[in-house]
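Heads up, the thing below is written out as structure tokens.
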Amino acid sequence: MNDPAGRDTGGSAQQQVSAWRRLADTCVLLDGFHALKHALRFGAEVPLAVTADREAALALADELAADVRQTLAALLTEVPESTYASLVPRPHPTAVAALAVRPSRAANLRALARTPRSAPVVVLDQPRNLGNAGAVIRLAAGFGATGVVTTGTLDPWHPTVVRGGAGLHFATAVERLDVGELPPGPLFALDPEGEDIRGLKLPDDALLAFGSERSGLSAAVRARADHLVALPMRPQVSSYNLATSVAMTLYHWSATGGAAA
């Protein structure tokens, strides 16, 4: 039932929390208003959404996401702040959280393998930092990349990665693959010893591979690479942050003929 202010109370909130606990292990956590907003914009199936302050969340929607405001109004259930905090690893300043159905792996693999491609696939080779991986997915979505693939042990759908990606996992194809399973296409691997990127045009069907923050490219990706490419860098500077490297490379692709979606 609703109170006079239109907030969900009592049984409705309790039912949502019970349903949350049933679904939490099989769904993707959308942590914060912006993650939920982006997921909805790109077609995510969201069975549950809660907030500690429904009025504030809908005010944010009025200001920043009028296109999904009606959907948010139908989805959001207000729960006590302590209840909201118990459902998430770390409360978000917007006090909003939701659960979404993870996209089909088969559908993502089809999207990654489909040729010809109109935008590259970003390959993160054995990344280690969850936040950096999320930032890369956010960048890839913004540039309209076909997808982001990780190799190694990091789960690109880990809640911390989804939080860093602001829900934009649903705007591109995100999967973890072995190097031997990478999609078709010429592989351009970023390496300090490679050819200066400023003299190259990256094709739309390229795989753009970036080594881990600590170890660089793996031997398997080096062996698969068709081209080694270097970003301009001042002498004695060791490296760029992973997300910065991806941003520079995708910008170069877009500025030399590629087009963001």
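Basis for what follows: all heavy atoms, side chains included, without hydrogens, waters or symmetry-related copies.
- Using modelled atom types, no side-chain atom of Thr172 and backbone atom of Ala141 make a donor-acceptor pair closer than 3.5 Å.
- Atoms CG and OG1, on Leu200 and Thr256 in that order, are 9.0 Å from each other to the nearest 0.5 Å.
- Residues Tyr84 and Thr51 have side chains not in contact (no heavy-atom distance under 4.5 Å, counting atoms from C-beta outward).
- With a 6.0 Å radius and a threshold of 12 heavy atoms from other residues, nucleotides or ligands, Glu181 has its CD atom above the threshold.
- Ring orientation note: the planes of Phe170 and Trp157 are nearly perpendicular, at an angle over 60° on the 30°/60° scale.
- A salt bridge is absent between Asp178 and Arg176: the closest approach of a Lys/Arg side-chain nitrogen to an acidic carboxylate oxygen does not fall below 4.0 angstrom.
- Under a 3.5 Å cut-off, the side chain of His169 and the backbone N or O of Val28 do not form any donor-acceptor pair.
- Side-chain atoms of Ser254 come within 3.5 Å of backbone atoms of Tyr251 as a donor-acceptor pair (strictly under, hydrogens ignored).
- Taking CZ from Arg138 and CG from Leu168, the interatomic distance works out to 6.5 Å, rounded to the nearest 0.5 Å.
- Expressed to the nearest 0.5 Å, how far CG of Leu87 lies from CD of Gln16 amounts to 10.5 Å.
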Item to check | salt bridge (charged side-chain N to carboxylate O under 4.0 Å, His left out) evaluation trace for Lys37 with Asp67 | outcome: CA-CA 9 Å; Lys37 168 193 75 178; Asp67 55 316; over 6 Å; no
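- Remark: the backbone N or O of Leu187 is paired with a side-chain donor or acceptor of Asp226 at under 3.5 angstrom.
- Here the side chain of His252 pairs a donor or acceptor atom with the backbone of Ile197 at under 3.5 angstrom.
- We find the CH2-CG distance between Trp20 and Leu29 to be 5.5 Å, quoted to the nearest 0.5 Å.
- Hydrophobic clustering of Ile, Leu, Val, Met, Phe, Trp and Tyr side chains at less than 4.5 Å, counting indirect connections, keeps Leu124 apart from Leu112.
- Atoms OG1 and NE2, from Thr150 and His158 in turn, are 12.5 Å apart once rounded to the nearest 0.5 Å.
- Listed for the Ser212 side chain is no donor-acceptor partner under 3.5 Å among the backbone atoms of Arg128.
- Taken together through direct or relayed side-chain contacts under 4.5 Å among Ile, Leu, Val, Met, Phe, Trp and Tyr, Leu109 and Val148 form parts of separate hydrophobic clusters.
- We find that Asp205 and Arg117 are not joined by a salt bridge, their nearest charged nitrogen and carboxylate oxygen being 4.0 Å or further apart.
- Between Leu99 and Val46 the shortest side-chain heavy-atom distance does not fall below 4.5 Å.
- Atoms CD and CG, from Glu78 and Leu58 in turn, are 9.5 Å apart once rounded to the nearest 0.5 Å.
- The two atoms that bring Asn108 and Pro103 nearest to each other are ND2-CB, 4.2 Å, heavy atoms only.
- Proximity of Pro203 to Phe188: side-chain heavy atoms (C-beta onward) are separated by under 4.5 Å at one or more points.
- Using a 4.0 Å cut-off between charged side-chain N and carboxylate O, Arg90 and Asp31 make no salt bridge.
- Counting only distance, with no hydrogens or angles, the side chain of His38 and the backbone of His34 share a donor-acceptor pair below 3.5 Å.
- Put simply, the side chain of Thr249 gets close to the backbone of Ser245: a donor and an acceptor are under 3.5 Å apart.
- Side-chain atoms of Gln126 and Val221, non-hydrogen and from C-beta on, never get closer than 4.5 Å to each other.
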Checklist entry - Given the rule in the salt bridge (charged side-chain N to carboxylate O under 4.0 Å, His left out) test, do Arg54 and Glu81 qualify, once you have shown the distances and angles that lead to the verdict? => result CA-CA 11 Å; Arg54 178 180 165 85; Glu81 187 171 352; over 6 Å; no
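- Checked by atom type, the side-chain pair Asp125/Ser218 shows a donor-acceptor distance below 3.5 Å.
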